[in-house]
Colleague: 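Have a look at this one before I ask anything.
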Amino acid sequence: MDIKLLKRYRLFCIGGSIILCVQVVLAFVFFSIQEYSVVEELSPNSLNRLRNVADYGIGDDEESSYNNVPSGSNHRNKLPPDKDNSASSNEYFNKALQHRHNNYKTDNLRVLGVDELGFVPPCDISGRECVSALHRAKTETCKQIIANISCLIKTNPPYPKRLPHQCPTNDVKQTTIIGCFRDGKEIKLLPGYKTTLIYTNSQENCIDLCLQSGFAYAGVEYGTECFCGNETPEWGLKLPDTFCDMQCPGNLSQMCGGHYTINVFKTGVSKFIAKIASEPSPNFKHNNIPPVRIVFLLTLNGRAVRQVYRLIKALFHRDHYFFIHVDARHDYMFRELSKLELTLSNVRLSRRRHSTIWGGASLLTTLMDAMSDLVQSSWDWDFVINLSESDFPIKSNDALVKFLTVNREHNFVKSHGREVQQFIQKQGLDKTFVECEARMWRVGEKELPKGIIWDGGSDWLALSRPFVDYLVAGDTLISGLSQFFKYTLLPAESFFHTVLRNSPFCETYIDNNLHVTNWKRWLGCKCQYRHVVDWCGCSPNVFRYDDWNRIKNTEKKQVYFARKFEPIINLSIIDTLEVWLYGEYPADFKNRMSYWQNLYHYDDVYPAPDESLLIVGNSLARVATKHLTTSHTTCQIRTLDKLLQVFTYHHKDKFKGFLIQYEVSFSNNSNKLLFESWCWPKLQGIIILNKDPINRLLNFIVSSDFDKKEQMSRNFIRLIGPYTEPVLIHQWGAGEHSFAVTFLWLNPYDELINVTSTNIEESALITFSKPILPMPLSQGIWTVLLVYENVTMAYTQFLVTPLHTIKDTSIPASQMSTINKPQNYRQSFEDWTSVIKTFKNSIVLETKNKFIDRTKTKITSWVDNLITSAYNILETCIVIPCKSLNDCGLKELVTCAETSWSSYSPDPKSDIKSINKESGTLNRY
């Protein structure tokens with residue numbers, strides 16, 4: 001019976017089996033297509049992210065997302081096939097990724113050729129980063145440099161693939177096989193670092209990687225995994241070599257561990273422990289030990305000359321030296337500091353000047369050139385310490401000398417303090433950068449030379465004379481690293497550390513750069529250097545008086561300098577620090593809390609002066625000169641000869657206006673007389689009309705050059721020209737509720753140009769926004785209304801400075817009319833008409849935006865009227881009194897040195913005075 005039933009249903013069984021098999025095949029094909037489709041739909045950024053996850057077992061964090069590099073902080077331990085079903089698909093997944101990556105390169109990255117570049121590149125230019133750099137570069141010279149270096153790095157890198165490790169305590173020439181060991185699932189035998197090298201893992205590659213990170217041991221496991229560590233494996237876990245039976249994908253003749261088994265090797269280096277600096281005893285006396293002599297290598301830029309003078313005074317001693325490099329684009333700083341060479345034999349300025357930028361390769365060139373000059377000089381020195389205008393000592397010179405004397409011939413560098421592979425990726429050491437047009441262009445990837453330990457951290461150093469001699473003399477290690485770092489971001493932050501770790505001086509490494517740095521990363525890591533580098537970098541904040549305890553708490557620590565300091569931001573902290581170091585100032589000490597910083601000098605070629613500053617300065621000088629006359633004046637002003645200088649003036653950490661210096665000729669005097677006027681930008685405040693219900697408003701202004709790190713505008717004078725991009729900055733106190741406000745932008749013709757809305761949270765905050773305004777901006781006085789629920793609560797005004805001259809040549813009338821012509825905007829802001837009308841009915845605003853006669857005289861008059869509506873002249877003084885002017889009835893003026901506000905007023909804290917013959921130091925007062 002059973003046999004008959006089977007025969008009867010045989011066809012049904014066969015048919016059912018066939019259907020089942022077809023369904024299985026279709027399901028397999030379907031899910032394979034789905035998996036491949038996921039890969040196919042990935043964007044380039046997603047591909048890179050997945051590639052990082054595949055290769056490193058990690059993803060991007062918030063800070064590194066801009067850089068498109070993995071953070072390296074959370075390593076995922078990959079499980080074997082019996083614990084992780086995804087492992088079996090790794091090969092297929094990566095092939096799919098590679099296929100998609102290749103298609104993306106060929107389909108979406110257009111190869112640049114001679115038609116677009118204007119020259120024949122040495123190779124096919126198709127890399128995404130290089131193509132982007134070539135599109136953004138402005139000059140053909142820079143484009144050629146980018147193309148040449150990109151091709152060079154890709155085809156024949158100009159640095160060795162392997163460099164010698166010369167630390168005498170290590171031997172990396174021969175690696176030692178330790179054997180095959182049992183590894184744990186949760187607790188790894190080598191827990192220092194782990195990565196997955198799916199296609200390239202081999203014993204040599206893993207050893208090189210672990211050596212690169214400074215680990216004593218390397219281990220390969222499960223074919224594709226590489227582990228590093230510093231602890232010797234437990235011999236009780238040793239297994240026969242046959243237990244490590246999986247081939248290395250990078251070298252099929254080798255075994256790379258197995259299932260929870262690992263082949264372990266010695267890399268040839270020992271676990272690195274930086275030396276601890278010795279501390280001088282409380283009763284330390286030099287006796288027969290000669291005190292060290294220090295070269296302070298100052299790398300300077302900007303215009304903070306008086307702060308540099310103050311720094312030199314604090315460090316000065318006749319036994320020490322100052323070697324100063326001033327950026328090639330900063331004429332004023334170089335000119336002013338050159339005067340020191342005439343009176344102080346231990347001060348010298350470098351004549352090999354470079355244009356340096358944040359993160360630039362030029363900074364390493366600057367430091368190495370300076371060290372070469374120092375080695376060849378006749379100066380007898382023991383240490384070189386590099387500083388900038390933003391540094392200041394936090395311990396006495398005597399304390400520094402004692403400390404370095406007991407640590408003679410050691411080298412002080414600060415390491416990054418993180419895992420090396422993470423540092424390499426965060427720092428971009430494996431990326432190729434090209435410096436031109438005052439920018440670091442990112443153009444692709446590059447491989448680090450093997451065979452050495454990589455290190456880095458801070459670029460502020462204290463190096464001994466023997467090590468500097470070695471750096472300047474050079475060898476294979478130094479020449480190879482020098483070539484590598486020519487195409488690397490932030491080279492000064494890694495070059496000296498890496499040389500030190502791999503050189504005969506490796507045991508002189510002390511992990512301390514003698515600095516305390518004011519890191520506030522939530523403010524300092526806002527990618528503020530994107531305008532000069534294709535990377536997202538961080539920078540420390542300026543110390544303020546509120547940070548004083550942080551400096552004071554370093555009293556017993558081995559730190560001797562702090563950074564950053566900027567007197568235009570906070571002078572109080574510098575004053576407090578000096579009193580702490582040297583005692584209280586005399587009661588009659590002048591201008592203790594005043595600071596002047598130069599903005600313009602007529603002799604400057606670099607940087608080019610701000611055209612708006614010249615317009616405002618010359619206009620105010622003309623107006624101030626006219627104010628010198630009275631109804632009884634018998635001598636006449638012959639001409640305003642020249643605007644000489646402009647300074648910002650600060651007192652008690654407040655901006656107090658700006659000063660203009662100018663020359664004037666009079667009819668009864670053959671000499672040119674020098675005057676200085678104190679001016680104030682009167683449009684910089686707010687007018688509050690209604691306080692409730694948003695009484696949390698503290699300020700809102702329109703300016704430019706907003707520093708996100710310091711939460712302030714560096715454009716103190718509020719200079720805005722027709723091509724400036726204005727920034728709206730508003731500050732709020734804390735409150736219980738959040739609310740939305742709107743800012744209405746009205747041009748000088750009372751037209752609504754832009755509407756900016758923002759939400760104000762409960763917490764106190766300073767925020768900013770950059771509206772999109774049509775360029776060029778209409779010249780005249782603009783108004784910005786702060787509106788809450790259709791009611792104007794406050795308003796502020798700002799001047800768009802007229803540009804009626806370009807390099808002392810009048811703009812043609814046709815061009816002038818084009819710049820000032822009211823523009824026809826689309827009527828898209830009707831909803832705000834009633835708000836603006838109500839405001840205009842209640843407030844009468846002076847904009848001075850119309851002029852008819854465009855002759856040079858009339859334009860000058862119009863400009864002067866416009867400037868005086870935005871700026872006040874508070875006082876005027878004369879530099880050298882002239883009796884003949886009083887005789888002809890001109891207003892009697894006080895001598896500038898007798899005022900409290902003039903740049904000629906005594907400023908003993910920044911004056912370089914005579915040397916104290918007994919101590920060899922500069923007099924403090």
Side-chain angles (χ1 to χ4, degrees), residues 272-287 289-294 296 310-311 313-317 319-320 382-388 390-418 457-464 497 500 507-521 524 540-566 570-585 919 921 924:
F272 177 71
I273 301 176
K275 288 188 174 295
I276 304 298
S278 301
E279 189 68 34
S281 62
N283 300 320
F284 175 82
K285 293 183 179 179
H286 295 297
N287 296 330
I289 304 175
V292 296
R293 307 181 75 173
I294 304 167
F296 296 104
R310 194 171 186 176
L311 171 63
K313 284 187 65 176
L315 295 173
F316 193 89
H317 192 279
D319 292 336
H320 301 325
D382 302 287
F383 276 93
V384 58
I385 299 176
N386 67 320
L387 302 170
S388 77
S390 300
D391 292 276
F392 208 77
I394 57 175
K395 289 186 174 66
S396 69
N397 212 327
D398 185 56
L400 175 65
V401 170
K402 288 180 179 179
F403 175 77
L404 291 179
T405 299
V406 300
N407 292 282
R408 191 187 299 269
E409 297 191 0
H410 283 82
N411 293 282
F412 296 83
V413 296
K414 184 63 179 175
S415 188
H416 49 82
R418 63 174 69 180
S458 170
D459 55 350
W460 305 103
L461 320 153
L463 304 180
S464 67
H497 302 67
L500 191 56
E507 292 195 299
T508 67
Y509 187 117
I510 294 181
D511 189 7
N512 177 4
N513 65 352
L514 310 183
H515 271 75
V516 57
T517 305
N518 191 25
W519 283 108
K520 296 179 181 177
R521 294 188 182 273
N541 286 70
V542 172
F543 277 108
R544 301 173 190 253
Y545 185 76
D546 294 342
D547 301 310
W548 168 241
N549 283 336
R550 184 158 179 223
I551 295 176
K552 191 176 180 180
N553 291 338
T554 64
E555 186 173 9
K556 295 183 179 180
K557 296 181 180 179
Q558 294 178 344
V559 289
Y560 293 82
F561 303 92
R563 67 188 319 270
K564 293 180 170 182
F565 296 94
E566 274 196 79
N570 196 274
L571 189 65
S572 299
I573 184 68
I574 304 172
D575 176 81
T576 303
L577 179 53
E578 281 204 320
V579 170
W580 188 50
L581 289 176
Y582 307 117
E584 190 54 76
Y585 289 93
S919 66
T921 61
R924 186 182 173 206

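Residue numbers count from 1 along this sequence.
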Colleague: Can you list the residues that meet the side-chain hydrogen bond (donor to acceptor under 3.5 Å, both in side chains) rule with E279, with sequence neighbours excluded?
Modeller: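 Expected list: Q558.
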Colleague: Parallel, tilted or perpendicular for F412 and F383, by the 30°/60° rule?
Modeller: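 Geometry flag for F383 against F412: tilted rings.
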Colleague: Could you state the interatomic distance from NE2 (H410) to CG (L500), rounded to the nearest 0.5 Å?
Modeller: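 One finds 10.5 Å between NE2 of H410 and CG of L500.
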Colleague: What pairs with T517 under side-chain hydrogen bond (donor to acceptor under 3.5 Å, both in side chains), at least two apart in sequence or on another chain?
Modeller: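 None.
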Colleague: Can a side-chain donor-acceptor contact be found between D398 and H317 if the only test is distance below 3.5 angstrom?
Modeller: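 There is no such pair (donor and acceptor under 3.5 Å, judged by atom type) between the side chains of H317 and D398.
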Colleague: Can you classify the ring geometry of H320 versus F296 as parallel (below 30°), tilted (30 to 60°) or perpendicular (above 60°)?
Modeller: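 Judged by the thresholds at 30° and 60°, the geometry between H320 and F296 is perpendicular.
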Colleague: Sequence neighbours left out, what passes side-chain contact (heavy atoms from CB on, under 4.5 Å) with Y585? Give chain and number order.
Modeller: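 So Y585 forms a side-chain contact (heavy atoms from CB on, under 4.5 Å) with R310, D575, E578, V579, F589, R592, R924, Y925.
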Colleague: Of all residues at least two apart in sequence or in a different chain, which pass the side-chain hydrogen bond (donor to acceptor under 3.5 Å, both in side chains) check with Y509?
Modeller: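 Y509: side-chain hydrogen bond (donor to acceptor under 3.5 Å, both in side chains) contacts with D455.
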Colleague: Count the heavy atoms of every other residue, nucleotide or ligand shown that sit under 6.0 Å from OH of Y545, and state whether that count exceeds 12.
Modeller: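 Not buried by this count: 12 neighbours or fewer within 6.0 Å.
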Colleague: Quick one: salt bridge (Lys or Arg N to Asp or Glu O under 4.0 Å) partners of K552, sequence neighbours excluded?
Modeller: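 With sequence neighbours excluded, K552 shows a salt bridge (Lys or Arg N to Asp or Glu O under 4.0 Å) to no residue whatsoever.
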Colleague: How about L404 and Y560: do any of their side-chain heavy atoms sit closer than 4.5 Å?
Modeller: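 No; the side chains remain at least 4.5 Å from each other.
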Colleague: Does the side chain of T921 come within less than 4.5 Å of N397's, by heavy atoms?
Modeller: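 Answer no - side chains too far apart.
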Colleague: Do N570 and D547 have side chains that get closer than 4.5 Å, going by heavy atoms?
Modeller: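 No, every pair of side-chain atoms sits at 4.5 Å or beyond.
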Colleague: State whether the number of non-hydrogen atoms from other residues, nucleotides or ligands found under 6.0 Å of E584 atom CD is greater than 12.
Modeller: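 Counting other residues, nucleotides and ligands, CD of E584 exceeds 12 neighbours.
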Colleague: Does any part of the side chain of H515, heavy atoms only, come nearer than 4.5 Å to the side chain of D391, both counted from C-beta?
Modeller: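 D391 vs H515: side chains touch.
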Colleague: Got a sec, which residues hit side-chain hydrogen bond (donor to acceptor under 3.5 Å, both in side chains) with K557, two or more places apart in sequence or on another chain?
Modeller: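 Residues passing side-chain hydrogen bond (donor to acceptor under 3.5 Å, both in side chains) with K557: none at all.
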Colleague: Could you give the distance from CZ (R563) to CZ (F543), rounded to the nearest 0.5 Å?
Modeller: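 Separation between the atoms: 10.0 Å.
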